[in-house]
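Below is one structure, written out as structure tokens, with a few remarks after it.
Chain identifiers are assigned alphabetically (A, B, ...) following the order of the sequence lines, protein sequences preceding nucleic acid strands; residue numbering begins at 1 within each chain. Note: hydrogens, waters and symmetry copies are ignored here, and every other heavy atom, side chains too, is used.
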Protein chains: 2
Amino acid sequence: MTAAPFPSGRTRRTAGDRRAQLVEIGLELLPTTPVQELTIDEVARRAGISRSLLFHYFATKRDYYTAVTQAAADLLWEHLLPRPGAPADEQVRGMIERYVGWVDTYRESHLAFVRGAAGGDPWVAGVYEDMRERLVDVTLGALGLPDDTARRQFVRAWFAFSEDLVNQWAREPAMSRDELVTLLVAVLDRLVGR
Amino acid sequence: MTAAPFPSGRTRRTAGDRRAQLVEIGLELLPTTPVQELTIDEVARRAGISRSLLFHYFATKRDYYTAVTQAAADLLWEHLLPRPGAPADEQVRGMIERYVGWVDTYRESHLAFVRGAAGGDPWVAGVYEDMRERLVDVTLGALGLPDDTARRQFVRAWFAFSEDLVNQWAREPAMSRDELVTLLVAVLDRLVGR
DNA sequence: GTAGCTTGTTGAGCGTTGCTCAGCAAGCCG
DNA sequence: CGGCTTGCTGAGCAACGCTCAACAAGCTAC
């Protein structure tokens, strides 16, 4: 090898740091690349490490991009969570407002996230499914409604409706943001029968 | 090589036949494998041909599974199309009924199709998008409504709603099929304002 | 029949990518 | 300094997408 073995910035990190860095890189790459198409080479290159090290932290490529997806889901989840102080009625509207804001702000990243989640891989789909189920719980709770099967299904399908509509709206707004939010609330209210 | 160069059934097919056969194999594999994960090796093996021949018909793996997705979309499209004779009012309900029947019959295949369509690959997503747009056209036409931007978006989002609800219903029916169809029709009617 | 053309078809092989494994070396303890 | 833990690497294998030069099945023309 040459005289200077390492350029300069080569530092040894703790396991936690490294993991976090790798997931972070995945999140940065998400908007431009479908999760499953992230290449280990690319990620390792960006982190300035060897491919092998990545496999030290994530046994499988799938493990890696599942972790990235989970991280994205966690970010969204924390942003959406109803603020405990708010009156029950405004909790749902608040969630919807924050969701619309989120999609509007992180358009591409969020679309990429949803795409990856909806796409083929069952593991990734599972991550998204979990979040959806928790969202249904929270929503039914905020509405003060019992959660029989039918109602759960309605709320879930309403999420699908909202996702699609908000995505379209972000691309080509056919109404004001307030009108959009009001419409979504109204559809939900009617669906779960109030 | 050995004395008997070819086992027996080795026949030379016309280009059209071969293409059709390969797409057919893709359709058979769809329910068990995400489209993008179809391996050329596996498909070629099933067809009893070499990998190279597949690349003769489809320049790229993407070209191949896009063709498979397109074939799946065509099947669904033809099944859903409103029968021209029926009165305008029953056309929409008829489409919904056929859709529910389709999902109920080809559960896994259809889910796999939707998954692949929603997933990362823009080409595949495009195939699905096209069908959706055409469905919106047909639906608005059958309802006799003008198609301004807002209404198109509502109908598209309603499709997303219906897809999700019907999929859940197929997995765990919380109501009769007729009730489901009636609900979907009612939601659509209310959304596009009748 | 056989020469010749078209075209369906193949095998060898290359580059990339996911993944393994044996071992190096950075930092800490005595 | 010796020894230990553990973050980290390089070489290399197998699988897969894709290329390319050439073979051969089936048809037509002589």
For this session: Would you indicate which nucleotide in dC18(D), dT19(D), dT9(D) comes nearest to any side-chain atom of Ser50(A)?
Result: dT9(D)
Problem set entry | Salt-bridge present (Glu163(A), Arg132(A); N to O < 4.0 Å) | yes
Exercise. From dC18(D), dC16(D), dA11(D), pick the nucleotide closest to the side chain of Lys61(B)?
Worked result: dC18(D)
Exercise. With a 6.0 Å cut-off on ring centres, are Trp102(A) and Tyr106(A) close enough?
Worked result: yes
Exercise. Using the benzene-type ring in the case of Trp, are the ring centres of Phe113(A) and Tyr128(A) under 6.0 Å apart?
Worked result: yes
Exercise. Of the candidate nucleotides dC8(D), dC20(D), dC19(C), which contains the atom at the shortest distance from the side chain of Ser52(B)?
Worked result: dC20(D)
For this session: Indicate, with a heavy-atom threshold strictly under 4.0 Å, whether Leu53(B) touches base, sugar-phosphate, or nothing.
Result: base
For this session: Look at the side chain of Tyr57(A) and decide which nucleotide, out of dC18(D), dT9(D), dG7(D), has an atom nearest to it.
Result: dG7(D)
Problem set entry | Flag for Tyr57(A)-Asp63(A): side-chain donor and acceptor within less than 3.5 Å | no
For nucleotides 2-6 of chain D, tabulate all protein N/O to nucleotide N/O atom pairs closer than 3.5 Å, reporting atom names and distance.
| unit_1 | atom_1 | unit_2 | atom_2 | d |
| --- | --- | --- | --- | --- |
| dT6(D) | O2 | Arg12(A) | NH2 | 2.7 |

Exercise. Can we call the ring centroids of Tyr99(A) and His110(A) under 6.0 Å apart?
Worked result: yes
Exercise. In terms of side-chain heavy atoms of Ile49(B), which of dG12(D), dT9(C), dT10(C) is nearest?
Worked result: dT10(C)
Exercise. Which nucleotide sits closest to the side chain of Arg13(B): dT9(C), dT19(D), dG12(D)?
Worked result: dT9(C)
Exercise. Which listed nucleotide (dG18(C), dT9(C), dG13(C)) is nearest to the side chain of Phe55(A)?
Worked result: dG18(C)
